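Take a look at the structure set out below.
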Number of protein chains: 4
Amino acid sequence: MSKQELNLKELFIQEDGLTEKQKNILAAATEAFAEKGFAATSTSEIAKKAGVAEGTIFRHYKTKKDLLLSIVSPMMVKLMAPIIMKDLNKVLDHRYEKFEDFLRAMLENRAKFLQENLPIIRILIQEIPFHAELKEQFIEHIGIRVLTRFKEIIEYYQAKEQIIDLPSETVIRLTASTALGLFATKYVIAPEDGWDECVEVERTIQFLMCGLSPR
Amino acid sequence: MSKQELNLKELFIQEDGLTEKQKNILAAATEAFAEKGFAATSTSEIAKKAGVAEGTIFRHYKTKKDLLLSIVSPMMVKLMAPIIMKDLNKVLDHRYEKFEDFLRAMLENRAKFLQENLPIIRILIQEIPFHAELKEQFIEHIGIRVLTRFKEIIEYYQAKEQIIDLPSETVIRLTASTALGLFATKYVIAPEDGWDECVEVERTIQFLMCGLSPR
Amino acid sequence: MSKQELNLKELFIQEDGLTEKQKNILAAATEAFAEKGFAATSTSEIAKKAGVAEGTIFRHYKTKKDLLLSIVSPMMVKLMAPIIMKDLNKVLDHRYEKFEDFLRAMLENRAKFLQENLPIIRILIQEIPFHAELKEQFIEHIGIRVLTRFKEIIEYYQAKEQIIDLPSETVIRLTASTALGLFATKYVIAPEDGWDECVEVERTIQFLMCGLSPR
Amino acid sequence: MSKQELNLKELFIQEDGLTEKQKNILAAATEAFAEKGFAATSTSEIAKKAGVAEGTIFRHYKTKKDLLLSIVSPMMVKLMAPIIMKDLNKVLDHRYEKFEDFLRAMLENRAKFLQENLPIIRILIQEIPFHAELKEQFIEHIGIRVLTRFKEIIEYYQAKEQIIDLPSETVIRLTASTALGLFATKYVIAPEDGWDECVEVERTIQFLMCGLSPR
DNA sequence: CATGAATGAGTCTTCATTCAT
DNA sequence: CATGAATGAAGACTCATTCAT
């Protein structure tokens, strides 16, 4: 069993009511889906990787798609949204006086979340275009709820005249693009050359602060 | 035949040395791959959609993967890289005195390119993680060549002290993230609510100009 | 189910660890291969004849060629070589004083073996030219081992001055040709007219005895 | 074009009324059939090897099987039988006084014939079991006619009391087996070790002379 | 005549899923 | 609960053959 696999198993270990075999299946499926894509992964492959019989998969997950949803949905429903909410509360409770501090805290926090859930997020991003349920769930759990939350925050800092008075959607778009670009560079492109995370994060924050400063 | 299909056929009509059937196949495959993904699309499906026998596909494209590469490779090799190069030359030849003008021109030009090649670019983005050849081609044709060109341009404007003196890679990252975020919002997220393209483009440019202005 | 098929099934019934379906598959494949040749037999045909789903064949035999080897290899590895060895020991242990007695015993024994394994031997003979693995196995199991054994026997009778003092390879060639010609006539050519086996065997033995008598 | 191929083309060059392309097709098909078997050879393969378009094959030979028969039938109808007859006449005209001389002449003559037509004879042997037409033709052209001729000859020498007074069929069987075994050893088995043709031929003749001598 | 694009039935093989053990 | 043999529909791909050029 590879190191990667072990990490994946740990991801599902906190889940309750899951037998050892179920965790194995989820871990194996996650690894395979992330690597080859949902459609190109066979259930027999997952079974072999998980060390269970093919039938066992279907005892726990009615269909292959069910298995996908069982991996990806909780990530949105149970993990992502609540964590975000909780974190956001923390963020606000701390009452970061400056938008810059809020930004720095968020970036750090999301970076950690990403790091820990990379394979599942990969699957989510790759499969969303092909599965209507996923798209709906995403819009419901992430889209609407998270967006609403962010709007409040943006408006909070706009009221304090720390950031430019554009529509909050636009501010979120610009901020999110910049942040996602940072993470994408780190995980998709960077590996090769010298990537100094801290420095790049700081540059990104300064860029955002300047770009969003009130005119 | 749907309107979408007709548009796709037009995309391949300019290609020379392709029979009518080949163009049908490419259009059908492009539509299907973009819609369901490469792995989830069957060759029989493509054949039906293209109005040809399944065998006909394999007369022209040795394997299903060959068909994918025949759609996506020219997009990189023949279309993307050269167009970018040519456009960039135009950009520089025009000697946009201000970085802002360059930015505006680029954004407009790329938006048009995207619009015209959306389905193929979709496929490219979705399939790159699963096909080593695509990744290699992308790095070779887009990654290295385009990046090099952009570096020169960034350094040109840095020398003119119009933009901040960060490493050109960082400037490119920030600019590209913001631009891609703009396009992504337009194509993936926006459709629903009122999206005023011109305004958003202008806001994005202002954001970039401020974010990248020399301190 | 034809009588032939039943006979074939009996051939595989002694094999252990084979399910009923596997035996059906082997019997059906043997019959089909013998009748139409390996390349001209389709797996769907075998499945139908065996009364199983096509997928079932591939659960037990990874490829069609695997199925061929599973029929033909054991015939060489497990059956032919050992039986020959055992029989030859019996032959020598009986210490047939006269070469003629040895010849008669061998002919009778091999005739029985042939009779029982005719279809598989047909396949073996027909497919050997097209499958390198078969050729190699044949050389290893039959060619070298059997030939070595025969040489010893020939030399034994040469030492006793019962047969002519030619190179043992030549004696084996002449004897084998004559024996195989006998069997070939029986199975390939004869069926039609009156074929008195006993008489022909005796004539063949007399022919060999005279042909190989010391000058 | 390989040396083998050139030889094969020469084989068909004497045929009249055949265009260059037809000869190419026959040569290519002969080589391919002999190498991989009829069923495992595709017409496209033959077309490529012959340097013609696929359609060209079907212009000259209605079906693939037709092509097989066009290669193999003349070998029996035009070449084999007549040659045998003519040769046999020569043999008898020479009035070989001794059976031994006849045997030696025949062996030499057939060896040459085999040598020159090896690939086609290979195909004939391999495909006869699977094609009823071939079997019929063989029986008609070779079986009956040749057998009848040989019978006369055997009886001729029996009358002269040079060979044993067994049924002529039996004498032919014994002689043919021995001769075929000689050729088989030469072409199928021998290549490896030192095979002294002349010596082996002589030994074979002596073996036959002794085996068939009147008691 | 020769071509080679087109065909669609057919090939081997894989798949998700079921069910008796 | 877990298993893995069994399934048959579907997958990618090949084939012999046809026909317009």
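In what follows, chains carry the letters A, B, and so on, assigned in the order in which the sequence lines appear, proteins first and then strands, with residues in each chain numbered from 1. As a basis for the values below, the full set of heavy atoms in this structure was taken, side chains included, without hydrogen atoms, waters or symmetry mates. Given the structure is predicted, the values throughout are model-derived calculations rather than measurements.
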Per side-chain contact (heavy atoms from CB on, under 4.5 Å), I25(C) is matched among L18(C), I71(C), L67(C) by L67(C)
To the nearest 0.5 Å, how far apart are [atom1] in [X] and [atom2] in [Y]?
X: T56(A); Y: Q22(A); atom1: OG1; atom2: CD; answer: 10.5 Å
X: E45(A); Y: K36(A); atom1: CD; atom2: NZ; answer: 3.5 Å
X: K64(A); Y: F33(A); atom1: NZ; atom2: CZ; answer: 6.0 Å
X: E31(A); Y: L26(A); atom1: CD; atom2: CG; answer: 13.0 Å

Taking atom [atom2] of [N] as reference, at what distance in whole Å does atom [atom1] of [X] sit?
X: K21(C); N: dA5(F); atom1: NZ; atom2: P; result: 13 Å
X: I46(B); N: dA10(F); atom1: CD1; atom2: C1'; result: 15 Å
X: I57(B); N: dG8(E); atom1: CD1; atom2: C1'; result: 13 Å
X: E20(D); N: dA2(E); atom1: CD; atom2: C1'; result: 15 Å
X: K23(B); N: dA5(E); atom1: NZ; atom2: P; result: 15 Å
X: K48(A); N: dT3(F); atom1: NZ; atom2: C1'; result: 16 Å
X: I25(D); N: dG4(E); atom1: CD1; atom2: P; result: 13 Å
X: Y61(D); N: dA2(E); atom1: OH; atom2: C1'; result: 15 Å

Q.
Looking at H60(A), I'd like to know whether one of its side-chain N or O atoms comes within less than 4.0 Å of OP1 or OP2 on dC1(F).
A. no
Can a donor-acceptor pair be found, under 3.5 Å and without considering hydrogens, that links the side chain of T41(D) to the backbone of G37(D)? yes
According to the Watson-Crick and G-U wobble definitions, with both distances under 3.5 Å, which nucleotide is paired to dC1(E)?
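Per the H-bond distance test, none.
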Self-check item: Watson-Crick or G-U wobble partner of dG8(F), both distances under 3.5 Å
Solution: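 Paired with dG8(F), as far as the under-3.5 Å criterion goes, is dC15(E).
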Going 5' to 3' through nucleotides 11-20 of chain F and flagging B where a protein heavy-atom sits under 4.0 Å of the base, S where only the sugar-phosphate is that close, and - otherwise, we get SBBBSBBB--
Only distances under 3.5 Å count here; give the side-chain donor-acceptor pairs of residues 119-131 of chain C to other protein atoms, sequence neighbours excluded, each with its distance to 0.1 Å.
| unit_1 | atom_1 | unit_2 | atom_2 | d |
| --- | --- | --- | --- | --- |
| E127(C) | OE1 | H131(C) | NE2 | 3.2 |
| E127(C) | OE2 | F38(C) | N | 3.0 |
| H131(C) | ND1 | K65(C) | NZ | 3.2 |

